[in-house]
Asks: 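Take this structure, written in structure tokens, and hold onto it; I'll ask about it next.
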Amino acid sequence: MAIRTRFAPSPTGFLHIGGVRTALFNWILARQSGGQFVLRIDDTDAKRNVAEALQPILDGFRWLGIDWDEGPTDDGSGSKGPHGSYFQSERLEKYQAAAKQLIEQGFAYKDYSGADFQAERETAEKAKQQFVYSRKWMAETDEQTAQFESEGRSFVVRLKMPREGTCAFTDHVRGDVSFEWGLEPDHVIQRADGTCLYHLANVVDDHDFEITHVVRAVEHLPNTPRQIFIAQSLGYDLPEYAHLPYVAEPGSKKKLSKRHIEKYLNNKDFKRLYQSGSNIAEQIGITPDPATFNPVLVDFYRDIGFDPAAINNYLLLLGWSLDDKTESFSREQMIELFSLERVIKSPASFDAKKLTAFQQNYMDATESKTKVASCLKFLQSAGLVATPAPCDIAGYVGEIVAAAGDRICMAGDVLAFDFFFVDDDKMTIEDKPFQKRVVKPESAGFLLNEFKKLLVGTNEDEFTVPALEASLDGFCEAQSIEMGDVIHALRVGVSGKAAGFGTIDTMAILGKDRCIKRLDLTLAKLEDARNEAS
RNA sequence: GGCCCAUUCGUCUAGUGGUAGGACGCAAGGUUUUCAAUCUUGUUGCGUGAGUUCGAUUCUCACAUGGGCUACCA
């Protein structure tokens, strides 16, 4: 059976990680059955620029490889698919027609209560009683309508909900569920200004778009009875339902929300991810404002060089598992092996650390050519490599990437090795390691200078890792010192940094001339520091 | 307040009527020129109470805790 699923984002400008998980499950279901995945835009309430706010969301899905068969066009300016517009704001007549039909058949009514409705509800609440609307301003006849309108009242359309019995249905994740009809209020489906509300629009669209499976987050579970009521009243076949647990905050069971970033930043792991992302972002000219750039939003991961497959894999396992050990799933495996029945019922906390671990695994498995290509893009974004890239650059970047090994977890991490790409006379020497490794040890300057003299005497083509190692060994022996007495100063001397991969590898990649120039620069800086101090 | 839902290591999870397995993390140690990695070892868990039962983490009920929903939001 071909399953048609849908995901219905609001054009907010941001693609939320929890939303992606829901979309991913919907997408997998459609793909595994040879059905279609539909994107519908819930903009009934939006007054902002929809196309603009939609773009980042569509880009996010595209980046993740979650492609949609029907929905907005790629640029978000129109719709593609056989069902007309996939934007709710453009489907108002459909909803109004449905509301009209519901009224005519007695499943809904015009309600002229206005503020009196609210007053009735408050009275009931004060008396601590279950509120049941008196339907005092319900107009079902022309006379009533005329009378209320003569009083200057305007109307909304409310559902005329059943007041007894139960609404029972089977949910693919939660099993059999049921709700008392009597507890359901008469929900508004059409506003006084004639526009329609979510529940009506949702049911009408799911029907029009021939959605067979409604797979969404649990917060919609309590909404399901009213939607079932609408669907049945309209004579629609009911879709299958599956309510997924929501994605929870790091270290808690509260629903993850992009509004509480500040709080999540108190979480150690979340903060660490955010900070390493921020460092990368700053180097490529993105302002790391936590409101728009943080680990709850998908853009964050794209911007700092995550592999989309790692995100999908992590999200797949947030609430679903195949068995007691399988952790790694390719796209094909996801599609082949996923089933709603193995979705768990309780919420799953977002764990930044585990996501990073998935990324690390994917990066380890990435072949070096691909790795180099993605790193190169970051170097270009940071202005460290020209665009278009010089033709010999790939080899150079390749050496760095190989030497860095798993120090590069996400492609943006390559920017930690920015010193390879700056002119020698413009190398930044970080102050802290400079003080600790060069200024403070008495003999560091002397040793650096002596070793530099040694380097000056070596042949260009002997500037290799084994040769350098040998000469450094010999040097240490001649000076009667330990390797540790000089190598740290040397690292700072050629890279300006406190940490990195092997100093000797670093030097070999830089080459003779550049190492010597950098050592000169460092020694000059040392002299300045000494003069200043005395 | 009402309705609904959930509860296995810190986190993601597997699982069973005979007391739990994996992953991420964490800790210690080895290796190491820094950082990371890596290797070794270790670490921690069935919310509480009652019932059914020879026996319950597993079934039932209650409680507790956490959460969601309760709009002329989606």
Side-chain angles (χ1 to χ4, degrees), chain A residues 8-10 12 42-46 88 111 114 117-118 121 124-126 128-131 154-158 174 177-180 182-185 187-193 195-199 201-202 216-225 243 245-246 248-255 267-269 314 317-328 342 344-358 360-361 364 404-409 413 416 433 436-437 469 472 476 482-492 495 497-504:
Chain A
S10 290
T12 55
D42 277 20
D43 57 349
T44 51
D45 201 40
Q88 291 196 323
D111 177 64
F117 184 89
Q118 183 65 19
R121 181 162 52 198
E125 275 168 12
K126 263 182 206 152
K128 295 201 168 154
Q129 280 173 338
Q130 168 72 35
F131 167 59
S154 58
F155 73 92
V156 296
V157 179
R158 283 186 191 277
R174 326 199 73 88
V177 279
S178 66
F179 295 85
E180 296 296 318
L183 266 12
E184 287 286 321
H187 304 280
V188 174
I189 53 171
Q190 191 179 103
R191 299 186 180 90
D193 66 3
T195 59
C196 292
L197 277 90
Y198 167 74
H199 295 291
N202 184 58
R216 74 238 293 201
V218 248
E219 51 259 43
H220 291 285
L221 185 61
N223 299 333
T224 308
H243 288 93
Y246 56 86
E249 294 178 345
S252 115
K253 292 292 180 202
K254 285 205 179 94
K255 191 167 80 168
N267 176 282
K268 183 176 89 214
D269 302 329
Y314 171 73
L317 264 359
L318 214 51
W320 178 84
S321 65
L322 177 68
D323 53 29
D324 61 343
K325 50 176 87 67
T326 317
E327 292 253 275
S328 173
R342 286 194 63 84
I344 205 165
K345 294 189 185 74
S346 49
S349 303
F350 176 77
D351 183 347
K353 203 118 191 176
K354 186 132 185 177
L355 208 200
T356 309
F358 271 97
Q360 183 72 257
N361 292 342
D364 289 349
D406 40 27
R407 265 166 264 251
I408 297 180
C409 172
D413 283 340
K436 182 178 171 193
R437 302 296 195 185
E469 238 160 33
L472 188 60
C476 289
E482 294 295 317
M483 170 101 66
D485 294 333
V486 66
I487 202 155
H488 298 116
L490 212 44
R491 170 191 303 287
V492 177
S495 73
K497 305 232 180 193
F501 52 78
T503 301
I504 291 169

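In what follows, chains are A, B, ... by sequence order, proteins preceding strands, each numbered from 1. This one's a predicted model, so the numbers in the text were calculated from it and none came from an experiment.
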Asks: A:Arg216 has an atom CZ; how far is it from atom P of B:C5, in whole Å?
Replies: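 Nearest whole value for this atom pair: 16 Å.
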Asks: When the distance from CD of A:Glu184 to P of B:C69 is rounded to whole Å, what number comes out?
Replies: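 It is 15 Å, rounded to the nearest whole Å.
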Asks: Grab the CD-C1' distance between A:Glu249 and B:C12 for me, whole Å please.
Replies: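 Distance, rounded to whole Å: 17 Å.
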Asks: Does a side-chain N or O of A:Arg191 approach OP1 or OP2 of B:C73 to a distance below 4.0 Å, or not?
Replies: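 Yes, because at least one side-chain N or O of A:Arg191 sits under 4.0 Å from OP1 or OP2 of B:C73.
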Asks: Determine the interatomic distance between C1' on B:U31 and the same-named atom on B:U41; round to the nearest Å.
Replies: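 Per the computed distance, 15 Å lies between those C1' atoms.
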Asks: Send over the distance from A:Asp323 CG to B:C12 P, rounded to a whole Å.
Replies: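 That distance rounds to 18 Å.
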Asks: Rounded to whole Å, how long is the line connecting atom NZ of A:Lys497 with atom P of B:U34?
Replies: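 Rounding to the nearest Å, NZ of A:Lys497 and P of B:U34 are 19 Å apart.
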Asks: Respond yes when some side-chain nitrogen or oxygen of A:Lys325 is under 4.0 Å from OP1 or OP2 of B:U13, and no when none is.
Replies: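 No, no such contact exists.
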Asks: Determine the interatomic distance between P on B:U57 and the same-named atom on B:G66; round to the nearest Å.
Replies: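 Taking atom P in both B:U57 and B:G66, they lie 24 Å apart.
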Asks: Please name the nucleotide paired to B:U31 by Watson-Crick or G-U wobble geometry with both distances under 3.5 Å, or report none.
Replies: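 Result: none.
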Asks: Report the nucleotide, chosen from B:G68, B:U34, B:U13, that has the shortest atom-to-atom distance to any side-chain atom of A:Ser321.
Replies: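 The nucleotide sitting nearest to the side chain is B:U13.
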Asks: Please work out whether the ring planes of A:Phe131 and A:Phe117 are parallel, tilted or perpendicular, with thresholds of 30° and 60°.
Replies: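 Rings of A:Phe131 and A:Phe117: perpendicular, as their planes differ by over 60°.
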Asks: Using the C1' atom on both, measure B:U53 against B:G10 and round to a whole Å.
Replies: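 To the nearest whole Å, 35 Å.
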Asks: Does atom CD of A:Gln118 have more than 12 heavy-atom neighbours from other groups under 6.0 Å away?
Replies: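 Check passes, neighbour count above 12.
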Asks: Would you give the length of the straight line joining atom NZ of A:Lys126 to atom CZ of A:Arg121, rounded to the nearest 0.5 angstrom?
Replies: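 Going from the NZ atom of A:Lys126 to the CZ atom of A:Arg121 covers 13.0 Å.
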Asks: Work out how far the C1' atom of B:U44 is from that of B:A27, and round it to whole angstrom.
Replies: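 That atom pair is separated by 11 Å.
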Asks: Roughly how far apart, to the nearest Å, are B:C63 and B:U7 at atom C1'?
Replies: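 After rounding to an integer number of Å, I get 13 Å for this pair.
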Asks: Is a donor on one side and an acceptor on the other found under 3.5 Å between the side chain of A:Asp43 and the backbone of A:Gln88?
Replies: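 Confirmed, A:Asp43 side chain pairs with A:Gln88 backbone.
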Asks: Would you indicate what A:Val156 reaches in the nucleic acid, counting non-hydrogen atoms under 4.0 angstrom: base, sugar-phosphate, or nothing?
Replies: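 Counting heavy atoms under 4.0 Å across all strands, the contact made by A:Val156 includes a base.
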Asks: Checking A:Arg342 side chain against A:Trp320 main chain: does a donor-acceptor pair fall under 3.5 Å?
Replies: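 No, because the side chain of A:Arg342 does not come within donor-acceptor range (under 3.5 Å) of the backbone of A:Trp320.
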Asks: Verify the neighbour count for atom NZ of A:Lys253: are there more than 12 heavy atoms of other residues, nucleotides or ligands below 6.0 Å?
Replies: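 Atom NZ in A:Lys253 is crowded, with more than 12 foreign heavy atoms closer than 6.0 Å.
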Asks: Taking only the side-chain heavy atoms of A:His199 (C-beta and beyond), determine which of B:A74, B:A6, B:A23 contains the nearest atom.
Replies: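 Comparing B:A74, B:A6, B:A23 against the side chain of A:His199, the answer is B:A74.
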Asks: Aromatic rings A:Phe350 and A:Tyr314: how do their planes relate, parallel, tilted or perpendicular, breaks at 30° and 60°?
Replies: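 Geometry flag for A:Tyr314 against A:Phe350: perpendicular rings.
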Asks: Can you tell me the pairing partner of B:C69 across any strand shown, Watson-Crick or G-U wobble, with both distances under 3.5 angstrom?
Replies: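 Across all strands, the one nucleotide that pairs with B:C69 is B:G2.
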Asks: Which part of the nucleic acid, if any, lies within contact of A:Asp193, taking any heavy atom under 4.0 Å across all strands shown: a base, the sugar-phosphate backbone alone, or nothing?
Replies: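 Touches nothing.
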Asks: The side chain of A:Thr503 is closest to which nucleotide in this list: B:U33, B:G68, B:A74?
Replies: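 Within the option list, the nearest is B:U33.
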Asks: Taking atom C1' in both B:C9 and B:G42, compute the distance separating them and give it to the nearest angstrom.
Replies: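 Approximately 14 Å lies between the C1' atom of B:C9 and that of B:G42.
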Asks: Can you check the A:Leu318 CG to B:U13 C1' distance for me, whole Å?
Replies: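 So the two atoms are 10 Å apart, to the nearest Å.
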Asks: What is the pairing partner of B:U16, taking Watson-Crick or G-U wobble pairs with both distances under 3.5 Å in any strand?
Replies: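 Pairing partner: none.
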Asks: Look at all strands and tell whether A:Arg342 reaches a base, only sugar-phosphate, or nothing, counting heavy atoms closer than 4.0 Å.
Replies: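 Sugar-phosphate, no base atom in range.
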Asks: Base, sugar-phosphate, or nothing for A:His220, non-hydrogen atoms under 4.0 angstrom?
Replies: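 It contacts base atoms.
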Asks: Map A:Tyr246 and A:Asp324 onto RNA chain B by nearest heavy atom, then report which one ends up closer to the 5' terminus.
Replies: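 The residue whose closest nucleotide sits nearer the 5' end is A:Asp324.
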Asks: For B:G42, what is the paired nucleotide under Watson-Crick or G-U wobble rules, both distances under 3.5 Å?
Replies: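 Matched B:G42 with B:C26 under the 3.5 Å cut-off.
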Asks: Scan A:Gly500 against the nucleic acid and name what it touches under 4.0 Å (heavy atoms): base, sugar-phosphate only, or nothing.
Replies: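 Base contact - A:Gly500 has a heavy atom under 4.0 Å of at least one base atom.
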Asks: Distances for protein N/O vs nucleotides 7-11 of chain B N/O pairs under 3.5 angstrom?
Replies:
residue	atom	partner	partner atom	Å
B:U11	O2'	A:Asp351	OD2	3.3

Asks: What nucleotide, of B:A6, B:C3, B:C69, holds the atom closest to the side chain of A:Asn223?
Replies: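 For the A:Asn223 side chain, the nearest candidate turns out to be B:C69.
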Asks: Is any side-chain heavy atom of A:Thr224 closer than 4.5 Å to a side-chain heavy atom of A:His243?
Replies: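 Yes, close enough: below the 4.5 Å cut-off.
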Asks: B:G66 C1' sits how many Å from A:Glu219 CD, rounded?
Replies: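 So the two atoms are 16 Å apart, to the nearest Å.
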Asks: Can you check the distance between B:A28 and B:G68, where both ends of the measurement are the P atom (answer in whole Å)?
Replies: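 Pairwise P distance, B:A28 against B:G68, rounds to 37 Å.
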Asks: With a 3.5 Å limit on both atom pairs, tell me what B:C63 is paired to, counting Watson-Crick and G-U wobble, or say none.
Replies: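 The base-pairing partner of B:C63, which may sit in any strand shown, is B:G47.
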Asks: What distance do A:Gln360 atom CD and A:Lys354 atom NZ have between them, rounded to the nearest 0.5 Å?
Replies: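 One gets 14.5 Å once the value is rounded to the nearest 0.5 Å.
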Asks: Is it true that a side-chain atom of A:Arg174 and a backbone atom of A:Lys345 form a donor plus acceptor pair closer than 3.5 Å?
Replies: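 Yes, A:Arg174 side chain to A:Lys345 backbone: donor-acceptor pair under 3.5 Å.
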Asks: Would one find a side-chain N or O of A:Arg121 under 4.0 angstrom from OP1 or OP2 of B:A71?
Replies: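 For B:A71, OP1/OP2 do have a side-chain N/O of A:Arg121 under 4.0 Å.
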Asks: In whole angstroms, how far is the P atom of B:G25 from the CG atom of A:Asn267?
Replies: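 Distance check: A:Asn267 CG to B:G25 P gives 15 Å.
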Asks: B:U19 and B:A36: how far apart are their C1' atoms, nearest whole angstrom?
Replies: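 Approximately 40 Å lies between the C1' atom of B:U19 and that of B:A36.
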Asks: Please state whether the phosphate of B:A23, meaning OP1 or OP2, lies under 4.0 angstrom from any side-chain nitrogen or oxygen of A:Lys353.
Replies: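 A:Lys353 to B:A23 OP1/OP2: no side-chain N or O under 4.0 Å.
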